[in-house]
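Remarks on the structure that follows.
A, B, ... follow the sequence lines: proteins, then strands. Residue 1 opens every chain. Just so it is clear, the values below take in all heavy atoms, side chains as well, and ignore hydrogens, waters and symmetry mates.
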Amino acid sequence: MIDTNFIKDNPKLVFDKLRLRNYNFNLDLFEATEANRKKYQTKTEDLQASRNVLSKEYGMLKKEGKDDPALNKKIESIKADLDKCSSELNDIQLTLKELLLDVPNLPDDSVPRGENEENNVKIREYGEPTILKGKDHLEITSMIDTDAANLLAGSRFAVLHGDIAKLQRALIAFMLDKASEHGYTEHYLPMVANTESLTSTGQLPKFSEDLFQLTEDYYLIPTAEVPLTNLYRDKIIDIDKFPLKLTAHTSCFRSEAGSYGKDTKGLIRQHQFEKVELVQICHPEKSFEALENLTSHAETILQELNLPYQVVELCTGDLGFSAAKTYDLEVWIPSQETYREISSCSNCTDFQARRAKIRFKEGGASKLAHTLNGSALAAGRALIAVIENNFDQKSTIHIPEALQEYTKFDFIEV
RNA sequence: GGAGAGUUGGCUGAGUGGUCGAAAGCGCCUCCCUGCUAAGGAGGUAUAUGGGUUUACUGUAUCGAGGGUUCGAAUCCCUCACUCUCCGCCA
(Lines give C-alpha, C1' and ligand atoms only; values in the text may rest on other atoms or scores of the structure.)
Protein backbone atom coordinates (compact mmCIF):
# COMPACT_ATOMS: atom_id res chain seq x y z
CA MET A 1 0.00 0.00 0.00
CA ILE A 2 1.16 3.49 -0.71
CA ASP A 3 1.14 6.10 2.04
CA THR A 4 -2.18 7.98 1.86
CA ASN A 5 -0.61 11.15 3.14
CA PHE A 6 1.97 10.98 0.40
CA ILE A 7 -0.78 10.67 -2.17
CA LYS A 8 -2.59 13.64 -0.68
CA ASP A 9 0.55 15.77 -0.72
CA ASN A 10 1.75 14.65 -4.15
CA PRO A 11 -1.28 13.63 -6.17
CA LYS A 12 0.15 14.48 -9.55
CA LEU A 13 3.45 12.77 -8.86
CA VAL A 14 1.74 9.61 -7.69
CA PHE A 15 -0.54 9.58 -10.69
CA ASP A 16 2.37 10.02 -13.10
CA LYS A 17 4.52 7.39 -11.45
CA LEU A 18 1.71 4.87 -11.54
CA ARG A 19 1.11 5.80 -15.15
CA LEU A 20 4.69 4.69 -15.85
CA ARG A 21 3.73 1.24 -14.82
CA ASN A 22 0.56 1.27 -16.87
CA TYR A 23 -1.70 1.76 -13.89
CA ASN A 24 -4.46 4.26 -14.23
CA PHE A 25 -4.97 5.66 -10.78
CA ASN A 26 -8.40 7.09 -10.27
CA LEU A 27 -7.20 10.20 -8.50
CA ASP A 28 -10.58 11.94 -8.52
CA LEU A 29 -12.26 8.98 -6.89
CA PHE A 30 -9.51 8.74 -4.32
CA GLU A 31 -9.60 12.40 -3.43
CA ALA A 32 -13.38 12.48 -3.24
CA THR A 33 -13.49 9.37 -1.07
CA GLU A 34 -10.67 10.61 1.13
CA ALA A 35 -12.33 13.99 1.63
CA ASN A 36 -15.54 12.21 2.48
CA ARG A 37 -13.71 10.01 4.91
CA LYS A 38 -12.26 12.94 6.70
CA LYS A 39 -15.59 14.70 6.88
CA TYR A 40 -17.34 11.71 8.38
CA GLN A 41 -14.46 10.83 10.65
CA THR A 42 -14.34 14.30 12.15
CA LYS A 43 -18.09 14.29 12.58
CA THR A 44 -18.08 10.86 14.17
CA GLU A 45 -15.30 11.78 16.54
CA ASP A 46 -17.02 14.98 17.60
CA LEU A 47 -20.15 13.03 18.40
CA GLN A 48 -18.14 10.48 20.34
CA ALA A 49 -16.48 13.27 22.30
CA SER A 50 -19.76 14.81 23.36
CA ARG A 51 -21.22 11.43 24.18
CA ASN A 52 -18.22 10.73 26.41
CA VAL A 53 -18.50 14.06 28.22
CA LEU A 54 -22.23 13.88 28.75
CA SER A 55 -22.12 10.25 29.80
CA LYS A 56 -19.62 11.08 32.45
CA GLU A 57 -21.78 13.91 33.66
CA TYR A 58 -24.85 11.71 33.72
CA GLY A 59 -22.96 9.00 35.54
CA MET A 60 -21.96 11.43 38.28
CA LEU A 61 -25.56 12.42 38.79
CA LYS A 62 -26.66 8.81 38.91
CA LYS A 63 -24.05 8.09 41.50
CA GLU A 64 -25.45 10.80 43.69
CA GLY A 65 -28.83 9.19 43.23
CA LYS A 66 -30.15 11.98 41.04
CA ASP A 67 -31.51 11.88 37.52
CA ASP A 68 -31.80 14.28 34.62
CA PRO A 69 -34.23 13.15 31.92
CA ALA A 70 -33.33 16.05 29.63
CA LEU A 71 -29.69 15.10 29.71
CA ASN A 72 -30.56 11.50 29.09
CA LYS A 73 -32.63 12.48 26.11
CA LYS A 74 -29.80 14.53 24.72
CA ILE A 75 -27.46 11.56 24.97
CA GLU A 76 -30.00 9.41 23.21
CA SER A 77 -30.18 11.79 20.31
CA ILE A 78 -26.42 12.02 20.03
CA LYS A 79 -26.23 8.27 19.97
CA ALA A 80 -28.72 8.10 17.15
CA ASP A 81 -26.67 10.55 15.12
CA LEU A 82 -23.51 8.69 15.99
CA ASP A 83 -24.93 5.41 14.77
CA LYS A 84 -25.72 6.84 11.39
CA CYS A 85 -22.46 8.69 11.12
CA SER A 86 -20.20 5.86 12.14
CA SER A 87 -21.81 3.30 9.88
CA GLU A 88 -21.42 5.74 7.01
CA LEU A 89 -17.80 6.22 8.01
CA ASN A 90 -17.32 2.48 8.08
CA ASP A 91 -18.55 2.09 4.53
CA ILE A 92 -16.33 4.90 3.32
CA GLN A 93 -13.28 3.47 5.01
CA LEU A 94 -13.95 0.10 3.47
CA THR A 95 -14.25 1.60 0.01
CA LEU A 96 -11.08 3.56 0.53
CA LYS A 97 -9.20 0.51 1.67
CA GLU A 98 -10.36 -1.51 -1.31
CA LEU A 99 -9.27 1.28 -3.55
CA LEU A 100 -5.82 1.49 -1.99
CA LEU A 101 -5.22 -2.26 -1.81
CA ASP A 102 -5.59 -2.31 -5.56
CA VAL A 103 -2.84 0.24 -6.20
CA PRO A 104 0.65 -1.08 -6.99
CA ASN A 105 3.86 0.23 -5.50
CA LEU A 106 5.51 3.32 -6.96
CA PRO A 107 8.49 2.60 -9.18
CA ASP A 108 11.76 4.00 -7.88
CA ASP A 109 13.20 6.94 -9.78
CA SER A 110 16.18 4.88 -10.85
CA VAL A 111 14.01 2.39 -12.73
CA PRO A 112 14.20 2.69 -16.53
CA ARG A 113 10.99 3.83 -18.11
CA GLY A 114 9.21 1.55 -20.49
CA GLU A 115 5.90 0.06 -21.53
CA ASN A 116 6.68 -3.65 -21.26
CA GLU A 117 9.38 -6.28 -21.00
CA GLU A 118 10.90 -5.22 -24.28
CA ASN A 119 12.13 -2.10 -22.55
CA ASN A 120 13.94 -3.97 -19.82
CA VAL A 121 17.61 -3.15 -19.58
CA LYS A 122 20.39 -5.69 -19.57
CA ILE A 123 22.83 -4.79 -16.80
CA ARG A 124 25.50 -7.46 -17.12
CA GLU A 125 26.08 -10.99 -18.26
CA TYR A 126 28.13 -13.91 -17.11
CA GLY A 127 29.48 -16.93 -18.91
CA GLU A 128 29.40 -18.06 -22.52
CA PRO A 129 26.06 -19.26 -23.82
CA THR A 130 26.34 -22.36 -25.99
CA ILE A 131 25.75 -21.60 -29.60
CA LEU A 132 24.49 -24.94 -30.86
CA LYS A 133 20.85 -25.54 -30.14
CA GLY A 134 20.79 -28.59 -27.91
CA LYS A 135 18.15 -31.13 -27.00
CA ASP A 136 15.66 -29.98 -24.43
CA HIS A 137 15.51 -31.55 -20.99
CA LEU A 138 12.63 -33.83 -21.87
CA GLU A 139 14.47 -35.14 -24.88
CA ILE A 140 17.62 -35.61 -22.87
CA THR A 141 16.16 -37.74 -20.12
CA SER A 142 13.05 -39.79 -19.49
CA MET A 143 13.68 -39.36 -15.77
CA ILE A 144 11.63 -36.19 -16.09
CA ASP A 145 8.24 -37.75 -16.50
CA THR A 146 5.28 -35.56 -17.41
CA ASP A 147 3.13 -38.53 -18.42
CA ALA A 148 3.30 -39.92 -14.92
CA ALA A 149 2.51 -36.50 -13.47
CA ASN A 150 -0.44 -36.23 -15.80
CA LEU A 151 -1.70 -39.55 -14.53
CA LEU A 152 -1.32 -38.49 -10.91
CA ALA A 153 -2.48 -34.91 -11.06
CA GLY A 154 -2.71 -33.27 -14.46
CA SER A 155 -0.80 -31.02 -16.77
CA ARG A 156 1.91 -28.67 -15.52
CA PHE A 157 3.18 -31.13 -12.93
CA ALA A 158 6.25 -33.30 -13.07
CA VAL A 159 7.52 -36.54 -11.66
CA LEU A 160 11.28 -36.80 -11.32
CA HIS A 161 12.83 -40.24 -11.19
CA GLY A 162 16.08 -41.51 -9.77
CA ASP A 163 19.18 -39.43 -10.21
CA ILE A 164 17.30 -36.43 -11.58
CA ALA A 165 15.25 -36.32 -8.38
CA LYS A 166 18.51 -36.50 -6.45
CA LEU A 167 19.94 -33.75 -8.58
CA GLN A 168 17.08 -31.42 -7.72
CA ARG A 169 17.47 -32.26 -4.05
CA ALA A 170 21.19 -31.52 -4.33
CA LEU A 171 20.46 -28.16 -5.93
CA ILE A 172 18.14 -27.20 -3.10
CA ALA A 173 20.59 -28.26 -0.41
CA PHE A 174 23.38 -26.40 -2.18
CA MET A 175 21.33 -23.22 -2.45
CA LEU A 176 20.29 -23.34 1.19
CA ASP A 177 23.89 -23.77 2.26
CA LYS A 178 24.91 -20.81 0.11
CA ALA A 179 22.19 -18.71 1.71
CA SER A 180 23.46 -19.67 5.15
CA GLU A 181 26.98 -18.69 4.12
CA HIS A 182 25.61 -15.28 3.19
CA GLY A 183 24.08 -14.89 6.61
CA TYR A 184 20.47 -15.89 5.97
CA THR A 185 18.70 -17.84 8.70
CA GLU A 186 17.08 -20.97 7.41
CA HIS A 187 13.41 -21.64 8.10
CA TYR A 188 10.96 -24.44 7.64
CA LEU A 189 7.54 -23.03 6.87
CA PRO A 190 3.89 -23.85 6.31
CA MET A 191 3.14 -24.03 2.61
CA VAL A 192 -0.36 -22.88 3.36
CA ALA A 193 -1.06 -19.23 4.06
CA ASN A 194 -4.12 -17.36 5.20
CA THR A 195 -5.81 -14.39 3.60
CA GLU A 196 -4.13 -11.88 5.86
CA SER A 197 -0.64 -13.09 5.01
CA LEU A 198 -1.33 -13.01 1.30
CA THR A 199 -2.84 -9.55 1.56
CA SER A 200 0.23 -8.29 3.40
CA THR A 201 2.63 -9.32 0.67
CA GLY A 202 0.33 -8.15 -2.11
CA GLN A 203 -1.00 -11.33 -3.72
CA LEU A 204 -4.48 -10.61 -2.41
CA PRO A 205 -7.01 -9.23 -2.97
CA LYS A 206 -6.07 -8.50 -6.56
CA PHE A 207 -4.45 -11.71 -7.79
CA SER A 208 -6.57 -14.44 -6.23
CA GLU A 209 -6.97 -16.14 -9.61
CA ASP A 210 -3.24 -16.88 -9.64
CA LEU A 211 -3.47 -18.85 -6.41
CA PHE A 212 -4.65 -22.30 -5.50
CA GLN A 213 -7.29 -21.79 -2.87
CA LEU A 214 -7.85 -24.66 -0.46
CA THR A 215 -10.72 -23.39 1.65
CA GLU A 216 -12.27 -20.06 2.54
CA ASP A 217 -9.19 -18.79 4.34
CA TYR A 218 -6.43 -21.16 3.21
CA TYR A 219 -4.29 -20.91 0.11
CA LEU A 220 -1.20 -22.74 -1.12
CA ILE A 221 1.72 -20.33 -1.15
CA PRO A 222 2.96 -19.12 -4.55
CA THR A 223 6.37 -18.32 -3.05
CA ALA A 224 8.14 -18.48 0.31
CA GLU A 225 8.24 -14.69 0.22
CA VAL A 226 4.75 -14.84 1.71
CA PRO A 227 5.48 -16.80 4.90
CA LEU A 228 8.99 -15.41 5.34
CA THR A 229 7.90 -11.79 5.16
CA ASN A 230 4.83 -12.44 7.28
CA LEU A 231 6.98 -13.86 10.08
CA TYR A 232 7.37 -10.22 11.06
CA ARG A 233 3.83 -9.06 10.43
CA ASP A 234 2.58 -6.83 13.28
CA LYS A 235 6.02 -6.80 14.85
CA ILE A 236 8.19 -3.97 15.99
CA ILE A 237 11.70 -5.08 15.22
CA ASP A 238 14.71 -4.15 17.31
CA ILE A 239 16.78 -1.91 15.06
CA ASP A 240 19.99 -3.69 16.11
CA LYS A 241 18.68 -6.81 14.37
CA PHE A 242 18.69 -5.13 10.96
CA PRO A 243 19.10 -6.32 8.32
CA LEU A 244 17.05 -9.45 8.94
CA LYS A 245 18.07 -12.09 6.43
CA LEU A 246 15.77 -15.06 6.03
CA THR A 247 15.73 -18.05 3.76
CA ALA A 248 13.64 -21.13 3.17
CA HIS A 249 13.07 -23.85 0.68
CA THR A 250 9.41 -24.45 -0.09
CA SER A 251 7.28 -25.85 -2.78
CA CYS A 252 5.48 -23.08 -4.64
CA PHE A 253 2.05 -23.36 -6.16
CA ARG A 254 0.64 -21.26 -8.96
CA SER A 255 -2.56 -21.72 -10.85
CA GLU A 256 -1.03 -20.21 -13.99
CA ALA A 257 -4.44 -18.96 -14.98
CA GLY A 258 -4.20 -17.13 -18.24
CA SER A 259 -1.00 -18.81 -19.35
CA TYR A 260 -2.70 -21.45 -21.49
CA GLY A 261 -0.50 -22.45 -24.37
CA LYS A 262 2.55 -20.78 -22.84
CA ASP A 263 5.51 -23.03 -22.01
CA THR A 264 3.34 -26.10 -22.18
CA LYS A 265 6.26 -28.43 -22.65
CA GLY A 266 8.68 -29.38 -19.92
CA LEU A 267 9.45 -27.99 -16.53
CA ILE A 268 9.57 -24.29 -17.31
CA ARG A 269 6.09 -23.42 -16.12
CA GLN A 270 4.61 -25.68 -13.47
CA HIS A 271 1.76 -25.58 -11.01
CA GLN A 272 4.18 -26.81 -8.38
CA PHE A 273 7.88 -26.12 -8.21
CA GLU A 274 10.64 -25.95 -5.67
CA LYS A 275 12.34 -22.72 -4.79
CA VAL A 276 14.80 -21.32 -2.28
CA GLU A 277 13.84 -17.80 -1.37
CA LEU A 278 15.82 -14.97 0.19
CA VAL A 279 14.11 -12.24 2.17
CA GLN A 280 15.65 -9.20 3.80
CA ILE A 281 13.95 -6.77 6.13
CA CYS A 282 15.99 -3.65 6.66
CA HIS A 283 16.25 0.03 7.45
CA PRO A 284 14.63 2.23 4.76
CA GLU A 285 17.88 3.97 4.00
CA LYS A 286 19.62 0.69 3.35
CA SER A 287 17.15 -1.08 1.10
CA PHE A 288 18.59 -0.22 -2.30
CA GLU A 289 22.00 -1.25 -1.12
CA ALA A 290 20.39 -4.43 0.19
CA LEU A 291 18.85 -5.11 -3.21
CA GLU A 292 22.27 -5.13 -4.86
CA ASN A 293 23.48 -7.32 -2.06
CA LEU A 294 20.61 -9.78 -2.29
CA THR A 295 20.87 -9.96 -6.08
CA SER A 296 24.56 -10.75 -5.83
CA HIS A 297 23.76 -13.58 -3.43
CA ALA A 298 21.47 -15.14 -6.01
CA GLU A 299 24.08 -14.58 -8.73
CA THR A 300 26.76 -16.39 -6.76
CA ILE A 301 24.77 -19.56 -7.07
CA LEU A 302 24.56 -19.34 -10.85
CA GLN A 303 28.25 -18.58 -10.99
CA GLU A 304 29.21 -21.52 -8.85
CA LEU A 305 27.04 -23.75 -10.99
CA ASN A 306 28.80 -22.39 -14.05
CA LEU A 307 25.56 -21.40 -15.70
CA PRO A 308 25.57 -18.55 -18.22
CA TYR A 309 23.14 -15.86 -17.21
CA GLN A 310 22.30 -12.22 -17.60
CA VAL A 311 20.99 -9.63 -15.17
CA VAL A 312 18.12 -7.54 -16.40
CA GLU A 313 16.64 -4.52 -14.74
CA LEU A 314 12.90 -4.43 -15.19
CA CYS A 315 11.45 -1.28 -16.69
CA THR A 316 8.57 0.53 -15.00
CA GLY A 317 5.96 -1.22 -17.14
CA ASP A 318 7.16 -4.72 -16.23
CA LEU A 319 7.47 -4.34 -12.46
CA GLY A 320 5.56 -6.67 -10.19
CA PHE A 321 2.74 -5.31 -8.05
CA SER A 322 4.69 -4.85 -4.80
CA ALA A 323 8.07 -3.94 -6.25
CA ALA A 324 9.67 -0.52 -6.51
CA LYS A 325 12.71 -1.92 -8.31
CA THR A 326 13.51 -5.37 -9.63
CA TYR A 327 16.41 -7.26 -11.14
CA ASP A 328 15.64 -10.46 -12.97
CA LEU A 329 18.31 -13.10 -13.30
CA GLU A 330 17.93 -15.00 -16.53
CA VAL A 331 19.71 -18.28 -17.14
CA TRP A 332 20.71 -19.60 -20.53
CA ILE A 333 18.43 -22.38 -21.78
CA PRO A 334 20.22 -24.01 -24.74
CA SER A 335 17.19 -25.78 -26.19
CA GLN A 336 15.33 -22.49 -26.42
CA GLU A 337 18.42 -20.52 -27.40
CA THR A 338 17.39 -17.86 -24.99
CA TYR A 339 17.68 -16.62 -21.43
CA ARG A 340 14.82 -17.46 -19.09
CA GLU A 341 13.98 -15.94 -15.74
CA ILE A 342 15.32 -17.99 -12.85
CA SER A 343 15.22 -15.36 -10.13
CA SER A 344 13.49 -12.10 -9.53
CA CYS A 345 14.97 -9.83 -6.86
CA SER A 346 12.86 -6.94 -5.69
CA ASN A 347 12.94 -4.07 -3.29
CA CYS A 348 9.37 -3.59 -2.12
CA THR A 349 10.32 -0.52 -0.07
CA ASP A 350 7.62 0.11 2.56
CA PHE A 351 4.79 -1.22 0.40
CA GLN A 352 4.49 -4.61 2.07
CA ALA A 353 5.62 -3.29 5.43
CA ARG A 354 2.70 -0.87 5.49
CA ARG A 355 0.23 -3.65 4.72
CA ALA A 356 1.91 -5.99 7.20
CA LYS A 357 2.78 -3.39 9.85
CA ILE A 358 6.43 -4.39 9.95
CA ARG A 359 8.07 -1.63 11.96
CA PHE A 360 11.07 -0.57 13.98
CA LYS A 361 11.75 2.25 16.41
CA GLU A 362 14.09 5.09 15.81
CA GLY A 363 14.37 8.32 17.74
CA GLY A 364 11.27 7.44 19.74
CA ALA A 365 9.12 7.14 16.62
CA SER A 366 8.00 3.89 15.05
CA LYS A 367 8.72 3.65 11.36
CA LEU A 368 8.05 1.19 8.58
CA ALA A 369 10.82 -1.16 7.56
CA HIS A 370 11.64 -2.03 3.98
CA THR A 371 11.23 -5.56 2.65
CA LEU A 372 13.09 -7.31 -0.14
CA ASN A 373 12.84 -10.70 -1.68
CA GLY A 374 14.43 -12.78 -4.39
CA SER A 375 14.73 -16.36 -5.50
CA ALA A 376 18.01 -18.10 -5.02
CA LEU A 377 16.96 -19.91 -7.06
CA ALA A 378 13.92 -21.51 -8.64
CA ALA A 379 15.03 -25.12 -8.38
CA GLY A 380 12.94 -26.49 -11.23
CA ARG A 381 14.40 -24.08 -13.71
CA ALA A 382 17.88 -24.49 -12.24
CA LEU A 383 17.48 -28.21 -12.81
CA ILE A 384 16.67 -27.66 -16.47
CA ALA A 385 19.59 -25.29 -16.84
CA VAL A 386 22.03 -27.69 -15.25
CA ILE A 387 20.81 -30.59 -17.37
CA GLU A 388 20.79 -28.75 -20.67
CA ASN A 389 23.99 -26.82 -20.17
CA ASN A 390 25.94 -29.87 -19.03
CA PHE A 391 24.72 -32.45 -21.51
CA ASP A 392 27.38 -33.79 -23.81
CA GLN A 393 24.81 -34.18 -26.62
CA LYS A 394 25.28 -37.94 -26.47
CA SER A 395 24.33 -39.69 -23.27
CA THR A 396 25.92 -38.00 -20.30
CA ILE A 397 24.96 -35.14 -18.03
CA HIS A 398 27.99 -33.86 -16.14
CA ILE A 399 27.33 -32.65 -12.63
CA PRO A 400 28.81 -29.23 -11.83
CA GLU A 401 31.62 -29.54 -9.37
CA ALA A 402 29.90 -27.49 -6.70
CA LEU A 403 27.04 -29.99 -6.61
CA GLN A 404 29.03 -33.17 -6.49
CA GLU A 405 29.38 -33.24 -2.74
CA TYR A 406 25.59 -33.12 -2.60
CA THR A 407 24.75 -35.61 -5.35
CA LYS A 408 27.58 -38.02 -4.46
CA PHE A 409 27.95 -38.74 -8.19
CA ASP A 410 29.56 -36.68 -10.91
CA PHE A 411 27.57 -37.67 -13.99
CA ILE A 412 24.22 -39.10 -14.99
CA GLU A 413 23.85 -41.58 -17.83
CA VAL A 414 20.53 -40.97 -19.54
C1' G B 1 -13.10 -36.20 18.75
C1' G B 2 -14.25 -35.20 24.57
C1' A B 3 -13.29 -31.84 28.95
C1' G B 4 -11.26 -27.43 30.80
C1' A B 5 -8.24 -22.69 30.86
C1' G B 6 -6.73 -18.60 28.26
C1' U B 7 -5.81 -14.17 24.40
C1' U B 8 -4.15 -7.00 27.92
C1' G B 9 1.57 -2.21 25.89
C1' G B 10 8.54 -3.98 23.10
C1' C B 11 8.23 -8.35 26.88
C1' U B 12 6.20 -10.59 31.65
C1' G B 13 1.79 -9.64 34.05
C1' A B 14 -2.37 -7.06 37.37
C1' G B 15 -7.02 -5.34 36.47
C1' U B 16 -15.14 -8.08 37.07
C1' G B 17 -19.06 -1.57 35.03
C1' G B 18 -17.14 5.22 35.38
C1' U B 19 -11.61 7.66 39.14
C1' C B 20 -8.38 2.66 33.21
C1' G B 21 -4.65 3.84 27.85
C1' A B 22 -4.57 0.64 31.72
C1' A B 23 -0.78 -1.24 38.32
C1' A B 24 3.91 -3.56 38.92
C1' G B 25 8.28 -5.63 37.02
C1' C B 26 11.68 -6.25 32.87
C1' G B 27 13.65 -3.83 28.67
C1' C B 28 14.69 0.89 26.40
C1' C B 29 15.82 6.50 26.53
C1' U B 30 17.56 11.05 29.23
C1' C B 31 19.94 12.90 33.43
C1' C B 32 22.61 12.39 38.36
C1' C B 33 26.28 9.82 41.27
C1' U B 34 30.54 6.68 41.31
C1' G B 35 38.17 8.07 38.57
C1' C B 36 37.06 2.09 34.37
C1' U B 37 33.38 -1.85 35.22
C1' A B 38 29.45 -3.36 38.40
C1' A B 39 25.85 -1.39 41.57
C1' G B 40 22.72 2.94 42.91
C1' G B 41 19.29 7.42 42.29
C1' A B 42 15.55 10.88 39.38
C1' G B 43 12.48 11.30 35.29
C1' G B 44 10.54 9.51 30.73
C1' U B 45 8.73 5.46 27.55
C1' A B 46 2.03 2.00 23.56
C1' U B 47 -0.20 2.33 18.54
C1' A B 48 -3.17 4.65 14.83
C1' U B 49 -5.53 8.90 13.30
C1' G B 50 -7.45 14.17 13.54
C1' G B 51 -7.04 19.45 15.32
C1' G B 52 -3.36 23.09 16.57
C1' U B 53 1.06 29.34 16.13
C1' U B 54 3.12 22.01 13.76
C1' U B 55 5.74 24.16 19.75
C1' A B 56 2.95 23.69 23.91
C1' C B 57 -1.34 21.29 24.09
C1' U B 58 -5.49 18.50 22.63
C1' G B 59 -9.94 15.19 20.31
C1' U B 60 -10.99 10.11 18.90
C1' A B 61 -10.17 4.97 18.56
C1' U B 62 -7.57 0.55 20.04
C1' C B 63 -7.06 -4.62 26.01
C1' G B 64 -7.69 -11.55 19.92
C1' A B 65 -11.97 -10.32 15.85
C1' G B 66 -17.09 -9.08 15.10
C1' G B 67 -21.84 -8.08 17.18
C1' G B 68 -24.99 -6.94 21.61
C1' U B 69 -26.51 -4.96 26.67
C1' U B 70 -25.65 -0.02 29.14
C1' C B 71 -26.04 6.98 29.97
C1' G B 72 -21.00 4.56 30.25
C1' A B 73 -17.49 -1.86 28.61
C1' A B 74 -10.59 -4.35 29.06
C1' U B 75 -14.50 -5.71 32.70
C1' C B 76 -21.33 -8.34 31.40
C1' C B 77 -23.78 -11.37 27.08
C1' C B 78 -23.46 -13.79 22.05
C1' U B 79 -20.68 -15.54 17.69
C1' C B 80 -16.01 -16.62 15.55
C1' A B 81 -10.61 -17.27 15.37
C1' C B 82 -6.37 -18.67 17.76
C1' U B 83 -3.31 -20.60 22.02
C1' C B 84 -2.55 -23.87 26.10
C1' U B 85 -3.61 -28.25 29.51
C1' C B 86 -5.71 -33.19 30.24
C1' C B 87 -7.99 -37.60 27.84
C1' G B 88 -8.67 -40.37 23.22
C1' C B 89 -6.65 -41.28 18.33
C1' C B 90 -2.60 -40.95 15.01
C1' A B 91 2.23 -39.69 11.51
Considering only atom P, compute the distance from B/A23 to B/C78 and round it to an integer number of Å.
30 Å

For A/Glu76, answer base if it contacts any base atom (sugar-phosphate contacts may also be present), sugar-phosphate if it contacts only those atoms, and nothing otherwise; contact means non-hydrogen atoms under 4.0 Å.
sugar-phosphate

With a 3.5 Å cut-off and no angle check, do the side chains of A/Asn347 and A/Thr349 form a donor-acceptor pair?
no

Polar contact flag, side-chain donor to acceptor under 3.5 angstrom, A/Asp318-A/Asn120:
yes

Can a salt bridge be assigned to the pair A/Lys43 and A/Asp81 using a cut-off of 4.0 Å between side-chain N and carboxylate O?
no

Do A/Thr247 and A/Glu186 have side-chain atoms, one donor and one acceptor, less than 3.5 Å apart?
no

Please state how far atom CG in A/Leu54 lies from atom P in B/C71, giving the value in whole angstrom units.
14 Å

Rounding to a whole Å, what distance do you find between A/Arg37:CZ and B/A61:P?
16 Å

Nearest-Å distance for atom pair CG/P, residues A/Asn52 and B/U19:
10 Å

Residues A/Lys325 and A/Glu313 bridged, charged N to O under 4.0 Å
yes

C1' atoms of B/G41 and B/G50, separation to the nearest Å
40 Å

Using the P atom on both, measure B/U30 against B/C63 and round to a whole Å.
32 Å

Stems with RNA chain B, 3 or more Watson-Crick or G-U pairs in a row (under 3.5 Å), are B:1-7 with B:81-87, B:10-12 with B:24-26, B:27-32 with B:40-45, B:46-51 with B:57-62, B:64-68 with B:76-80

Does some side-chain heavy atom of A/Gln272 sit less than 4.5 Å from a side-chain heavy atom of A/Glu274?
yes

What integer number of Å spans the C1' atoms of B/A73 and B/A22?
14 Å

Rounded to whole Å, how long is the line connecting atom CG of A/Asp234 with atom P of B/C82?
17 Å

If you measure from the Lys or Arg side-chain nitrogens to the Asp or Glu carboxylate oxygens, is any gap between A/Glu34 and A/Arg37 under 4.0 Å?
yes

With under 30° as parallel and over 60° as perpendicular, where do the rings of A/His271 and A/Phe157 fit, or are they tilted in between?
tilted

Would you mind reading off the distance between A/Glu216 atom CD and B/C82 atom P, rounded to a whole angstrom?
13 Å

Provide the distance between the two P atoms, one in B/U8 and one in B/A14, to the nearest whole Å.
11 Å

Euclidean distance for P, B/C86 against B/G27 (whole angstrom)
32 Å

Spatial distance of atom CZ (A/Arg156) from atom OH (A/Tyr260) [nearest 0.5 Å]:
9.0 Å

With rounding to the closest Å, how many angstrom separate the C1' atoms on B/U69 and B/C77?
7 Å

Closest nucleotide among B/C71, B/G50, B/U60 to the A/Asn5 side chain
B/G50

Rounded distance (Å) that lies between atom P of B/A48 and atom NZ of A/Lys367
12 Å

Have a look at A/Lys38 and say if it touches a base, only the backbone sugar-phosphate, or nothing, with a 4.0 Å heavy-atom cut-off.
sugar-phosphate

For RNA chain B, find the residues of residues 89-105 of chain A with a heavy-atom distance under 4.0 Å and give them by number; none if there aren't any.
none

Any chance you could lay out the salt bridge (charged side-chain N to carboxylate O under 4.0 Å, His left out) test for A/Glu181 and A/Lys178, step after step, and finish with the verdict?
CA-CA 5 Å; A/Glu181 274 175 37; A/Lys178 281 286 135 194; 3.0 Å; yes

Would you say A/Glu225's side chain and A/Glu277's backbone share a donor-acceptor pair under 3.5 angstrom?
no

Measure the distance from CZ on A/Arg359 to P on B/C28 and round it to the nearest whole Å.
21 Å

Taking only heavy atoms on the protein side, list every residue of residues 40-49 of chain A lying under 4.0 Å from any atom of RNA chain B, sorted numerically.
A/Gln41, A/Glu45, A/Gln48, A/Ala49

In whole angstroms, how far is the C1' atom of B/U60 from the CG atom of A/Leu82?
11 Å

Which residue lies toward the 5' end of RNA chain B, A/Ser366 or A/Ser55, if each is placed at its nearest nucleotide?
A/Ser366

Is the phosphate of B/G59 approached by A/Arg51 (side-chain N or O, under 4.0 Å from OP1 or OP2)?
no

Pick base, sugar-phosphate or nothing for A/Lys79, based on heavy-atom distances below 4.0 Å to the nucleic acid.
sugar-phosphate

Salt bridge or not between A/Asp210 and A/Arg254? Use side-chain N to carboxylate O under 4.0 Å.
no

With sugar-phosphate meaning primed atoms plus P, OP1 and OP2, does A/Lys357 contact a base, only sugar-phosphate, or nothing at under 4.0 Å between heavy atoms?
nothing

Any non-hydrogen side-chain atom of A/Leu278 less than 4.5 Å from a side-chain atom of A/Asn373?
no

Taking B/U75 as the reference, what is the distance to B/G21 when you measure between their C1' atoms (whole Å, please)?
15 Å

